[in-house]
Amino acid sequence: MIGIISAMQEEIQALLHELKNVSTTEKGMRTYYTGTLFHKKVVIVFSRWGKVASAATTTQLINDYKVTEIIFTGVAGAIHKQLNIGDVIIGKNLFQHDMDASPLFEPFEIPILKKKGIETKDATKLLEATTAFLETFSDYINPIEAKEFNIKLPKVVYGDIASGDQFISSIKKINHLNELLPSAICVEMEGAAVAQVCFEYQIPFSIIRIISDKANDNATIDFPKFANTIASNYALGILKNYFD
């Protein structure tokens, strides 16, 4: 059983449309959808935004559904100049940019775990799946909608991700993050929490992030629409290749 999580309902809608033999369970104000997706047994859930919500959801998946792997998919803001809207980030190391227990611990270090970044599982297969998706991009993404969000020649990048319980939407905050975590190339609100829970339970995990904005003063796109028409279909195409 593979667990699939997104922070927004819109980000998993395309996956739910393809899910077969569906059954649902309500737990902790969340709906868990179990079934088969591209011939793989999966459980799909909308976690809600933030580290607490995603950590609670991840823990529930592990304990109640005995998942052998967890995949988090959703949008992120770029904090690296070479990234553009529509690019895909496959997570390498996940950092909590708002974790600071100094002077007892170094900034970003998770107390007791003695770790700053938590590494995802081997990403080779997921990178290949994403590359294959991008080669058939127009099969999944309407050209009109791609143009609306200014998506041109999207690429896949394997890199570090920063997570925190705040929406980054200014150049000042981006510059601060670049100084603190120079290896991080995008920012979001859940991945590092999922990473910590999976690390503690020894569950392999992957993070897929689609760049929706550049986390700056212009980060004002229609997120629900981007999630539903773009990010959701990215996840569908990538996971179809990954499961095949």
Side-chain angles (χ1 to χ4, degrees), residues 1-76 88-91 94 118-130 133 140 161 163 188-210 224 227-244:
M1 179 80 77
I2 297 173
I4 302 172
I5 311 174
S6 286
M8 296 171 65
Q9 181 73 30
E10 292 88 349
E11 291 168 328
I12 56 173
Q13 204 57 57
L15 299 177
L16 292 177
H17 288 156
E18 290 294 324
L19 192 64
K20 311 298 182 186
N21 308 312
V22 184
S23 62
T24 62
T25 303
E26 302 289 331
K27 293 173 181 278
M29 301 177 73
R30 290 157 177 74
T31 302
Y32 293 79
Y33 301 84
T34 57
T36 55
L37 182 67
F38 306 123
H39 310 294
K40 295 284 187 181
K41 292 182 179 179
V42 301
V43 51
I44 301 174
V45 59
F46 150 50
S47 68
R48 307 181 184 197
W49 290 21
K51 293 193 298 179
V52 173
S54 57
T57 305
T58 302
T59 304
Q60 188 99 60
L61 277 176
I62 293 170
N63 286 323
D64 286 18
Y65 293 93
K66 310 301 180 186
V67 293
T68 55
E69 176 182 356
I70 286 178
I71 300 170
F72 195 104
T73 180
V75 301
V88 184
I89 310 304
I90 303 300
L94 278 292
I118 297 179
E119 189 173 5
T120 60
K121 63 170 286 188
D122 178 21
T124 302
K125 185 177 178 183
L126 190 53
L127 286 165
E128 291 174 348
T130 306
F133 159 72
Y140 294 89
I161 297 173
S163 307
E188 36 91 308
M189 299 177 69
E190 298 84 22
V194 173
Q196 182 174 338
V197 173
C198 287
F199 176 81
E200 294 181 358
Y201 279 91
Q202 298 183 314
I203 299 295
F205 71 99
S206 302
I207 308 291
I208 304 169
R209 287 294 185 176
I210 297 93
N228 190 42
T229 62
I230 304 298
S232 181
N233 286 304
Y234 266 60
L236 181 68
I238 292 169
L239 291 181
K240 183 178 188 301
N241 292 323
Y242 184 66
F243 289 170
D244 285 346

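Starting from 1, each residue takes its place in the sequence as its number. All values derive from a computational prediction rather than experimental measurement.
Here Leu94 contributes atom CG and Ile207 contributes atom CD1; the two are 5.0 Å apart, rounded to the nearest 0.5 Å. Within the model, atoms CD1 of Ile4 and CG of Leu15 stand 5.5 Å from one another, a figure rounded to the nearest 0.5 Å. In this structure, NE2 in His17 is found 4.5 Å from CD in Gln13, a value given to the nearest 0.5 Å. Here Phe243 contributes atom CZ and Thr36 contributes atom OG1; the two are 11.0 Å apart, rounded to the nearest 0.5 Å. Of the inter-residue distances, the one linking Thr73 atom OG1 with Ile12 atom CD1 reads 10.0 Å to the nearest 0.5 angstrom. Taking NZ from Lys27 and CG from Asp64, the interatomic distance works out to 4.0 Å, rounded to the nearest 0.5 Å.
Taking 4.5 Å as the limit, every side-chain heavy atom of Ile203 sits out of range of all side-chain heavy atoms of Leu61. With a 4.5 Å cut-off on side-chain heavy atoms, Ile208 and Leu239 count as touching. Side-chain contact between Glu69 and Ser206 is present, with at least one heavy-atom pair separated by less than 4.5 Å. Between Arg48 and Met189 there is no side-chain heavy-atom pair separated by less than 4.5 Å. Side-chain atoms of Asn63 and Tyr201, non-hydrogen and from C-beta on, do get closer than 4.5 Å to each other. Between Tyr65 and Val42 there is no side-chain heavy-atom pair separated by less than 4.5 Å. Between Tyr242 and Ile71 there is a side-chain heavy-atom pair separated by less than 4.5 Å. Proximity of Thr57 to Tyr32: side-chain heavy atoms (C-beta onward) are separated by under 4.5 Å at one or more points.
Judged by distance alone, the side chains of Ser23 and Thr34 do bring a donor and an acceptor atom under 3.5 Å apart. Defined by atom type and a distance below 3.5 Å, a donor-acceptor pair is missing between the side-chain atoms of Ser232 and Glu11.
Using modelled atom types, no side-chain atom of Arg30 and backbone atom of Gln60 make a donor-acceptor pair closer than 3.5 Å. For Ser6 (side chain) and Phe46 (main-chain N/O), no donor-acceptor pair under 3.5 Å exists by modelled atom type. The backbone N or O of Val194 lies less than 3.5 Å from no partner atom in the side chain of Thr58, so there is not a single donor-acceptor pair.
Of all non-hydrogen atoms in Ile118 and Gln196, the two that sit nearest each other are CD1-CA, 3.5 Å. Across Val67 and Gly3, no two heavy atoms sit closer than the pair CG1-N, 3.7 Å. Of all heavy-atom pairs spanning Ala192 and Ser163, the tightest one is N-OG, 2.9 Å. Residues Ala231 and Val75 come closest through the heavy atom pair CB-CG1, 3.7 Å. Closest of all the heavy-atom pairs between Ala53 and Ser47 is CB-O, 3.4 Å. The two atoms that bring Phe72 and Arg209 nearest to each other are CE2-NH2, 3.2 Å, heavy atoms only.
By the neighbour-count criterion of 12 heavy atoms within 6.0 Å, atom NZ of Lys41 is sparsely surrounded, having that number or fewer from other residues, nucleotides or ligands. Summarising the local packing, CD of Glu26 is surrounded by more than 12 heavy atoms from other residues, nucleotides or ligands at distances under 6.0 Å.
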* Given the rule in the side-chain contact (heavy atoms from CB on, under 4.5 Å) test, do Ile62 and Ile70 qualify, once you have shown the distances and angles that lead to the verdict? -> CA-CA 9 Å; Ile62 293 170; Ile70 286 178; 3.8 Å; yes
* Stepwise side-chain contact (heavy atoms from CB on, under 4.5 Å) check, Glu119 with Phe199 -> CA-CA 9 Å; Glu119 189 173 5; Phe199 176 81; over 6 Å; no
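Among Val45, Thr24, Val43, the one residue that satisfies the side chain to side chain contact (heavy atoms under 4.5 Å, CB included) test with Tyr33 is Thr24.
Figure legend: cation-pi geometry between Lys240 and Phe133 absent, as NZ or CZ is not positioned both under 6.0 Å from the six-membered ring centre and within 45° of its axis.
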